[in-house]
Protein chains: 2
Amino acid sequence: MKIKADSKNFGSVLRRRGLRLTRSREIIWEEIHRHPEIHRNAADIYRSLKKKGYKISLATIYRTLNLFVETGLARSEDLGEKHSHFEPDTPGAIHGHLICLTCGLVKEFKEEKLREELEAISHYFGFKLSKYSLQIFGFCDKCSRYTIKEKSKS
Amino acid sequence: MKIKADSKNFGSVLRRRGLRLTRSREIIWEEIHRHPEIHRNAADIYRSLKKKGYKISLATIYRTLNLFVETGLARSEDLGEKHSHFEPDTPGAIHGHLICLTCGLVKEFKEEKLREELEAISHYFGFKLSKYSLQIFGFCDKCSRYTIKEKSKS
DNA sequence: TTTAATGCAAACATTTTGCACCCTG
DNA sequence: CAGGGTGCAAAATGTTTGCATTAAA
C-alpha cells in the first residue's frame, strides 16, 4: 500500500497542468487504487462510493476517469463487455488480461518477452508503439473442468 | 477471390444449425468479404448496402453480424472507437491490429511466434485459450514524420 | 475573487428488442 | 404453411454535454 506516495504524485501531476486537486478526484483516485487488480467500470465505482456515503455524480466519475486517462494517471480497457474498465496506470505496468468466458474472471499477466516482441512487430511495420491492449479470452482452470459451459452474464 | 467457396461454407454452417439462408444474410456476408482487411462497423455496412440499392435495416445488420459472430463466421473487434468492427473469421486467421493514433490507419499483422507465446501464457495460468484480441496503438510511418500530432476524428 | 469543477438532466451514439408482417424451407 | 427472419420504432446502455451553482486556489 503506497497510496500515500501515489497520492502525492497524483496531486503534482494535476498541479503541473493547472488542474485542481478536488475532494472528488482524491476519492476516485483512492477508490481505483483500493483494489487495482479489479478493473472497474464507472457505474461500479459510482455505486461503491455512494455506498460509502460519498455523493459524487456519475458525470463527475466519467469526467474524472477520462481526465486520469488523458493525463496518463489511469488506463481504460475493453474487456469484452460494453463498458470500459479502468485501472491505475503505473509506468512499466503494461500488461495483458486473461478473461474467462464462463465465470468472467479477469487475471492480469505481464511478460517482458511479449513486450519486446510487440515492439519488434511495430518496428517492422514502421509504427512507433505508444500503447497496446491485449486480451486473451478462454476458460479458466476451474471452469474448464466442467463440460457444460454456460454463458456468464458479466 | 474465393467468395464462392466461402459462400458455400457459409450456407452449410447456417443449415447445420437450422438457420435460414436468406438474401439479407447473403448480401451482408458478401459485403464483409468484399474488403476483408477493412474492418467495418454496422453503420458503415448499412450505408454501403443502401448506396448499392439494398434496403436492409440496421437492426437486421446487427442481428446478422451477431449471428455470424456466434456461429464463428465472423469476429468483432474493438479498435479503440466506441463501436465494434467486424471481419470474416477464417480459421487460423487470428491476428492483431496496428492502429495509428493520428490518421486512424489500421494494419493487420499475423505472427505465428506470438500465437505460440500467447498459448504458453494461457497454459501457464491454467487457461484454455479460445481467442485473443491484440491492438497496438501508435503512430504509422507517415504520421510519425511530422512533429505536430493532430487528433484524428476517426 | 476568478475560473475550474460539479450536479442535474437532457442529449448522444450504439446496440437491442417487441411486435406485426414476410418469406424460406 | 409454420416458424424463423425482417422492418420499424421504441427502449436500453453507456457516455458526454450544456448550464447554473459550488468551491479550489
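Both backbone and side-chain heavy atoms feed into the values below; hydrogens, waters and symmetry mates do not. Just so it is clear, the model here is predicted, and its values are computed rather than measured. Every chain is numbered from 1 and lettered A, B, ... according to where its sequence line falls, protein lines coming before strand lines.
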Atom CZ of B:R63 to atom P of D:dA9: distance rounded to whole Å?
14 Å

Under 6.0 Å from the ring centre and within 45 degrees of the ring axis: does the NZ or CZ of B:K131 meet both conditions for the six-membered ring of A:F137?
yes

Using a heavy-atom cut-off of 4.0 Å to chain B, what are the terminal contacting nucleotides of DNA chain C, in 5' to 3' order?
C:dA13 to C:dG25

Same hydrophobic cluster for A:I38 and A:I28, using side-chain heavy-atom links shorter than 4.5 Å among ILVMFWY?
no

Euclidean distance, B:F127 CZ relative to A:C143 SG, rounded to 0.5 Å:
8.5 Å

Backbone N or O of B:D44 within a donor-acceptor pair of the B:S48 side chain at under 3.5 Å?
no

Quick check on the helix from C:dT1-D:dA25 to C:dG25-D:dC1: what's the angle between its two end axes, five base pairs per end, to the nearest 10°?
40°

Sorted by number, the residues of residues 51-59 of chain B with heavy-atom contact under 4.0 Å to DNA chain D
B:K55, B:I56, B:S57, B:A59

Please answer whether the main-chain N or O of B:L129 pairs with a side-chain N or O of B:E119 as donor and acceptor at a distance below 3.5 Å.
no

Main-chain N/O of A:D78 paired to A:Q135 side chain as donor or acceptor, under 3.5 Å
yes

Taking CZ from B:R17 and C1' from D:dG5, how many angstroms apart are they, rounded to a whole number?
17 Å

Touch check for B:R23, heavy atoms < 4.0 angstrom, all strands: base, sugar-phosphate only, or nothing?
nothing

Rounded to whole Å, CZ of A:F86 lies from C1' of D:dG14 at a distance of 10 Å

So, is A:Y62 close to the D:dT15 phosphate, meaning a side-chain N or O under 4.0 Å from OP1 or OP2?
yes

Distance flag, aromatic centroids of B:H97 and B:H85, threshold under 6.0 Å:
no

Mapping B:L19 and A:T22 to their closest nucleotides on DNA chain D, which lands nearer the 5' end?
B:L19

Just wondering, do A:E111 and A:E117 contact through their side chains at under 4.5 Å, heavy atoms?
no

Tell me whether A:Y124 at atom OH has more than 12 heavy atoms from other residues, nucleotides or ligands lying less than 6.0 Å away.
no

Here the distance between atom P of D:dT16 and atom OH of A:Y46, to the nearest Å, is 17 Å

Any side-chain heavy-atom pair of A:F109 and A:L134 under 4.5 Å:
yes

Between CD of A:E26 and P of D:dA23 the distance, given in whole Å, is 15 Å

Angle class for the B:F10/B:W29 ring planes (parallel below 30°, perpendicular above 60°, tilted otherwise)?
parallel

Mind calculating the distance between CD1 (A:I45) and P (D:dT15) to the nearest angstrom?
11 Å

Specify the residue among B:A43 and A:S24 whose closest nucleotide of DNA chain C lies further upstream toward the 5′ end.
A:S24

Please check if atom NZ in B:K52 has more than 12 non-hydrogen atoms from other residues, nucleotides or ligands closer than 6.0 Å.
yes

For B:L49 and D:dT6, what is the distance between atoms CG and P respectively, to the nearest whole Å?
13 Å

Nearest whole Å is fine: how far is D:dA12 P from A:H83 NE2?
19 Å

Using a cut-off of less than 4.0 Å, is there contact between a side-chain N or O of A:N41 and OP1 or OP2 of D:dG14?
no

